[in-house]
Amino acid sequence: MAALSFPVHAGEVEVLHYWTSGGEAASLKVLQKMMSEEGHSWTDFAVAGGGGETAMTVLKSRVISGNPPSSSMIAGPEIQNWGELDVLANMDEVAKAGKWNALLPENIADIHKYEGHYVAVPVNVHRINWMWINKAILDEVNGGKVPTDWDGFFAFMDNATKAGYIGFSHGGQDWQDATVFEQIALGTGGTQWYQKAFIELDQDALKSDEMTQAFERFKKLKSYMDSGMPGRDWNLATAQIIEGKAAVQIMGDWAKGEFTAAGKVPGEDYVCAAVPGTTDSFTFNVDAFMMFNNQSKDNIDAQKTLAKLLLSKDFQEEFNLRKGSIPVRPDVSLERFDSCAKLSMSDFKAASINKTLMPSFSHAMAMQPEVSGAVYDAVTNFFNNNEQTAEQATEKLASAIASAL
Ligand code: BGC
């Protein structure tokens, strides 16, 4: 009798993603389980590498060789480039049935459409401008006081180091360097300056004293990192906070997924707080699943089911509880979410009203890949080169952006 509950057309989805850490894998499992309950099978195509750079390279080669997966993770304006290649599947029918236009904020919906048609499905809103602090270390060395400006931040770093802890937990990979630099820059120059420099790519803002000061702070931060930093994966940096070895990590709230997976509770084991100088801002990225043209009818059915599930209330709740992000669907109750998620949502709403909601350039939301690639290179080169001054880095960044445009 059980067979009767299976759909008539069982299909398969192959999904390319880079969610391989503990928290990420737990989040993805929610989707795999829901697909299997619908009777469809899931072929997992995981390409390790935080931030997804490697995954995007692999995706390109799969599509160019005429063998795209059914769906791939993606974020931001890059979706338009894929649309131009005429390889994406139209999800309008599912969107219409699920009333996506009424459900999603218009600017978020638009990112996931190509020429007015839905080709990708957003699942969350990640906030990037977070510090993740070990609570016991904060209490022991800083009297429990969360630093809110850069002087206070570096004093906390000094106190943590003196007490024998690693001050700042970091993984030296270009995208992590860019993530931390983005936050220092925002916290140094402020939201309007960030908008001018990194969204409008205004040369004056790029070459300003704010940028030089941000580079100086970034280099200073390096002196609080441990010798295991080069090449370390982001989730291993988070693990150092969880294990009480290091005081702070600056990272998007996918880091919270690691605390959750380890059974840690905000306010008790760790503290989430906005990066100094960024309390009123909200830098974000939105993870999405992009859909590719498919030949088989059964697999098209499976792909449409995937699209429907991704925006379902149930999935949005269960997934985001594990992922660390907040639901992209505004009508999901936050009752079961923790204090960091609740703060994220209220700051997100305030930032939307105050126009301080900023797309993250380090997470593909603000620039085309050639431009963000040039920024990654300039930032990482400076970080790894002890000879280069902050002034030189400022010049190099501005000229690298100009030539990438
Ligand atoms: C993605 C997250 C992911 C993180 C680390 C970010 O760019 O938005 O979903 O967890 O990279 O891989």
Side-chain angles (χ1 to χ4, degrees), residues 15-31 44-59 71-79 108 111-112 120-130 132 169-183 231-239 241 249-262 272 282-290 310 315-316 318-328 340-341 344 348 358-367 369 372-373 375-376 379:
V15 182
L16 191 156
H17 65 89
Y18 52 94
W19 284 343
T20 54
S21 77
E24 292 172 331
S27 325
L28 199 60
K29 223 177 237 158
V30 174
L31 188 58
D44 201 53
F45 188 15
V47 181
E53 270 176 286
T54 319
M56 291 303 105
T57 309
V58 173
L59 178 63
S71 181
S72 168
M73 274 190 58
I74 187 88
E78 245 183 280
I79 295 170
I108 292 197
I111 299 172
H112 302 91
V121 191
V123 289
N124 60 3
V125 176
H126 268 304
R127 186 185 201 180
I128 322 290
N129 56 315
W130 282 122
W132 305 97
S169 191
H170 184 62
Q173 297 175 345
D174 61 359
W175 73 273
Q176 293 187 65
D177 299 344
T179 302
V180 173
F181 179 70
E182 171 179 294
Q183 297 315 320
R232 176 188 284 138
D233 287 333
W234 67 272
N235 53 315
L236 301 181
T238 311
I241 310 292
Q249 180 184 23
I250 290 179
M251 190 45 65
D253 44 21
W254 46 90
K256 201 189 73 187
E258 301 305 299
F259 287 97
T260 307
C272 57
F282 192 110
T283 41
F284 72 98
N285 78 339
V286 172
D287 291 318
F289 287 76
M290 182 164 69
L310 288 167
F315 172 73
Q316 291 266 319
E318 295 300 330
F319 167 81
N320 283 296
L321 276 167
R322 292 162 180 78
K323 188 70 176 67
S325 37
I326 52 174
V328 72
C340 301
S344 182
F348 177 72
M358 291 287 132
S360 160
F361 69 77
S362 62
H363 290 275
M365 295 302 288
M367 297 168 181
S372 57
V375 176
Y376 275 25
V379 168

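All ligand and atom numbering here is 1-based and tracks the order in the structure.
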Chemist: Taking atom types as modelled and ignoring hydrogens, do the side chains of D233 and Q173 form a donor-acceptor contact shorter than 3.5 angstrom?
Modeler: yes
Chemist: Any heavy atom of G51 closer to ligand 1 than 4.0 angstrom?
Modeler: yes
Chemist: Can you name the closest pair of heavy atoms from R232 and S169 and give their distance?
Modeler: NH1-OG, 4.4 Å
Chemist: I'd like to know if the side chain of N320 pairs up with that of R322 as donor and acceptor (distance under 3.5 Å, no hydrogens or angles considered).
Modeler: no
Chemist: Please could you name the atoms of ligand 1 that W234 approaches to less than 4.0 Å, counting only its heavy atoms?
Modeler: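 Those qualifying, in numeric order: 5 (C), 12 (O).
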Chemist: Among all protein heavy atoms in this structure, tell me which lies nearest to atom 9 (O) of ligand 1, with the distance rounded to 0.1 Å.
Modeler: D287 OD2, 2.7 Å
Chemist: Using a 4.0 Å cut-off to any heavy atom of G50, which atoms of ligand 1 qualify?
Modeler: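 Taking each heavy atom of G50 in turn, ligand 1 has 12 (O) under 4.0 Å.
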Chemist: Just to confirm my output: which protein heavy-atom neighbour is closest to atom 2 (C) of ligand 1, and how far is it?
Modeler: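 Its nearest protein heavy-atom neighbour is K323 NZ, 3.5 Å.
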Chemist: Drop me the distance from N129's CG to E182's CD, to the nearest 0.5 angstrom.
Modeler: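 These two atoms lie 8.5 Å from each other.
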Chemist: List the closest protein heavy-atom neighbour of atom 6 (C) of ligand 1: residue, atom name, distance to the nearest 0.1 Å.
Modeler: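 Answer for atom 6 (C) of ligand 1: H363 ND1, 3.5 Å.
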Chemist: Over 60° means perpendicular and under 30° means parallel, so tell me whether F319 and F315 are parallel, tilted or perpendicular.
Modeler: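 Answer is parallel, since the angle falls under 30°.
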Chemist: For W254 and H126, take the angle between the two ring planes, folded into 0 to 90°, and tell me which bin it lands in: parallel under 30, tilted 30 to 60, perpendicular over 60.
Modeler: perpendicular
Chemist: Calculate, to the nearest 0.5 Å, the distance between atoms CG and OG belonging to L16 and S71 respectively.
Modeler: 9.0 Å
Chemist: Just which atoms of ligand 1 are under 4.0 Å from any heavy atom in E24?
Modeler: 3 (C), 4 (C), 5 (C), 10 (O), 12 (O)
Chemist: Under a 4.0 Å heavy-atom limit, does H126 contact ligand 1 with its side chain, its backbone, both, or neither?
Modeler: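 The side chain, only.
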Chemist: Does an N or O from W254, backbone or side chain, lie closer than 3.5 Å to an N or O of ligand 1?
Modeler: no
